[in-house]
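Structure record follows, encoded as structure tokens.
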Amino acid sequence: MVKIHERKFVSADPEKCAGCQVCEYICSLTKEEAFNPLKSRIRVVRMNQLINLAVTCRLCENPPCVAACPRDALTQSEETGLIMVDEDKCNGCGWCIEACDYGAIMLHPENKVVFVCDLCQEQGEPQCVKWCPEEALDLITSDVLAQKARITAVKKLFQEAMKVAPTT
Amino acid sequence: MLIYYLIIDYDSAKLNGGKCLHGYAGRILHIDLTTGKTHVEPLNEEYAKKYIGGIGLGIRLLLDHSKPGIEPFSPENPLILTTGPISGTMWPTGGNGHAFVSKSPQSFGVGESKAHGSFGTELKRAGYDAVIFKGKAEKLVYVWIDDDSVQLLDASNLMGKSPAETEDAIREELGDYYIRVAAIGPAGEKLARMACVINDKTRAAGRTGMGAVMGSKNLKAIAVRGTLDITAAKPDEFMEFVKEFHERMKGPATQKYRTLGTPLNVLVHNSVACMPTRNYNNASFEGAEKVSGETMNERFVAKIIGCSSCAMRCEHMCVVQEGPYKGTMTRMEYETLWAMGPYCGVDRLDAIMKGMDLCNYYGIDAISAGVIAGFAMDCYENGILTEKELAGIDARFGNHEAMVQLIEKIGKREDLGDILAEGVKIAGEKIGKGAEKLAQHIKGVEVTGYDLRCLKTAALGFAVSFRGADHNRHGAYGFDIKGKVNRLIVEKGRGKLVKDMEDQYNVIDSLIVCKFSRGTYYKGFEDMAKLYSLVTGFDVTAEDMRRAGERINNVARLFNIREGLGRKDDTLPYKVMHLPVPDEGPSKGAYVTQKELDFLLDDYYQSRGWNKDGIPSIEKLKELGMDDLIHVVESKTGKVKKAEEN
């Protein structure tokens, strides 16, 4: 069994994300063979022109969506951490949608069952990460995210020193 | 409050089993704002192939759906909203465009303006290639297009709100935060002639007064949600092409837009003295460094964001962090920066940003607004307007507070702002006392940031542009500024240079891809033809595309001719032809004489296959497959003959 902190999910860097929705287009094309953001597993939020971020499933530990499902239609893969939807059991009631803090699990506009990011298992790598023109998306573990945050914080703290530090 | 509720239940609404065609949605939506009736007609496939979409399709529909000589603000004047065949796909920069086309209240000829963002993509997914608004609502309404359901809703609570406030209020009211909105501001409601239509809060269909036409129809906003799938006819090859363009967009062709942005032009134009300054009194600005793209990026740019489907992103979002204009947040581009900066003699970026923010708030074209402010300042400096007439504004060139106040007055149509909101042409005539000569416009549309006295290829492009003074109908300034031709002289061949660029720009605006991406089409029409073929499944060649571009220019010309415009209107602003560049340096003494202009026009008309009066020949129309429009030419040349006989 893979240790929990090695699970990777798609995360957007708020500094880099330009809100262009290329991730939405490539996701819907990959999964549904059409350009339609309503069928994308990743969604861009533009609060205002300065605040843009793409949001998708974070493969939570003890995922609330799984816990909320009254029909046991959702399970989490022990191996990958992915949320798996049993489409025969799901009746589209939406408890999982309400439970998810990130709006990452959604009701499919046509199939009427929920759908969620599966990191493009069939393609071998998440297509949104591959296509993001800003390189704002990463397939990343929470450990590495924390490492990056620490480095950014320290850089800010030592701004002046960083300016004179050798770059190599 | 719901005032009309309409659901389209025509069979045609379910074209292709509710799925979109490749590229085209295949449907045109008609909305009569007087009666509240709507209907859908299938898109004529011949029109699609001949006029592509965007402005091309829009201008053709305008010609078909309007009677000659109608007033731009009359209910009969149709306001046409179009998408392009590429809209809704993930084509980089092309997925998101839309265009407004109508008879312009500024030029009384073709009015058209495009915008990007995420509105066009939504409209395509709702299943429309075009929406034609006619009539006038009894009171202020907005239209809510939710796929096949089209409703006119009461907008009295939105009266006086900015486009951004309107967008937020509509999303709140309809309870969907992904609804896209294109709206007019208070100036559009009050029929300011340079009013624009703004979507996504900072993206404007800016030029030629399309917001004023919308206001004349009592139409505050268009809200859209679309759920249909969009597909390309040849998906695999299309995605290969997308990938290639993603790579091209990381290259040198887009570098300017990704780094400093268009404000890079400030120092470039200033260095060759081709930046109109203080209402064309100068061609260079001593304060250029202070308002340069370099300074802007260093001090104000908080983030660069992108439109839906873009792979280059250009939108430089600026924030003013201190001083009297603290808290201002806006997008900034060269043209608008120039208009409210150098053109008014203003050397403060924070004030320029405040001016831009006000333009977005009131919903006015920021290029025109800045040029009007510069015009008012020139009138003031020449004693034509007094401080009293300006309600206490000390409108000296360079007074940043005066520039901001003038824009506010125009936006509100308050005091002299009421006359200024008519645009420089009409305002100049109303003010009189020589103000007409200070009004720098072509066909009633205010000039843009290229000094035409010393850019003579550009001067031709501006003079013949079918939507009035504009750099975006031809980009002919490129030849002059890059030194590909001698910018200070006129010679044979400039006509063809302008014509070829116009034809290409017409295709760009009809596919609706972003002009900032034009450099990535390394093979020009060949790349555009490939894109069009892969998306629509229609097999077209580079030559077909070129002909479409030429056809679009001709259909626009036919509309203008029908409305009484002609060679007399293909002219240049007064100062361009009478006030030589006074600045020391390479442009000193340059201006355009009537003889030079006539030479350029003759050369251009000849390359277009038009007669001396600038009327397309019947042979040219036949060559372009426009036989169905020969009657427009015949009605004009017939009149000319009659006049001669008399």
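Every chain is numbered from 1, with letters handed out A, B, ... down the list of sequences.
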What part of B:Asn96 gets closer than 4.5 Å to chain A, counting heavy atoms only: side chain, backbone, both or neither? neither

Within a 6.0 Å radius of atom NZ on A:Lys8, are there more than 12 heavy atoms belonging to other residues, nucleotides or ligands? no

Which pair of heavy atoms, one from B:Tyr178 and one from A:Val44, lies closest together, and at what distance? OH-O, 3.0 Å

Pick from A:Glu33, A:Arg43, A:Glu134: which one has the most heavy-atom pairs with chain B under 4.5 Å? A:Glu134

Kindly compute the distance separating NZ (B:Lys250) from CD (A:Glu135), expressed to the nearest 0.5 Å. 6.0 Å

Gap separating the CE atom of B:Met239 from the OG1 atom of A:Thr30, nearest 0.5 angstrom: 7.5 Å

Chain A contact via B:Met329 - which portion, at a heavy-atom distance below 4.5 Å: side chain

Locate the shortest heavy-atom distance separating A:Leu50 from B:Ala302; write the atom from each residue and the value. CD2-CB, 3.8 Å

Please lay out, stage by stage, how A:Tyr25 and B:Thr121 fare under the test side chain to side chain contact (heavy atoms under 4.5 Å, CB included). CA-CA 11 Å; A:Tyr25 283 105; B:Thr121 181; 2.8 Å; yes

Are any non-hydrogen side-chain atoms of B:Ser118 and A:Arg46 less than 4.5 angstrom apart? no

Proximity breakdown for B:Tyr177 and chain A, heavy-atom pairs closer than 4.5 Å: neither

Applying a strict 4.5 Å limit to non-hydrogen atoms, the region of A:Ile26 in contact with chain B is both

Grab the two heavy atoms, one from B:Lys303 and one from A:Cys17, that are nearest each other, plus how far apart they are. NZ-O, 2.9 Å

For B:Val242 versus A:Trp131, what's the shortest heavy-atom pair and its separation? CG1-CZ3, 3.6 Å

CZ-CG distance between B:Arg225 and A:Leu38, expressed to the nearest 0.5 angstrom: 8.5 Å

To the nearest 0.5 angstrom, please state how far the CD atom of A:Gln21 sits from the SG atom of B:Cys310. 11.5 Å

Here the gap from A:Cys20 atom SG to B:Met90 atom CE, rounded to the nearest 0.5 Å, amounts to 8.5 Å

Check B:Asp229, B:Ile230, B:Thr231 against A:Asn36 for a side-chain contact (heavy atoms from CB on, under 4.5 Å) and give me the one that passes. B:Asp229

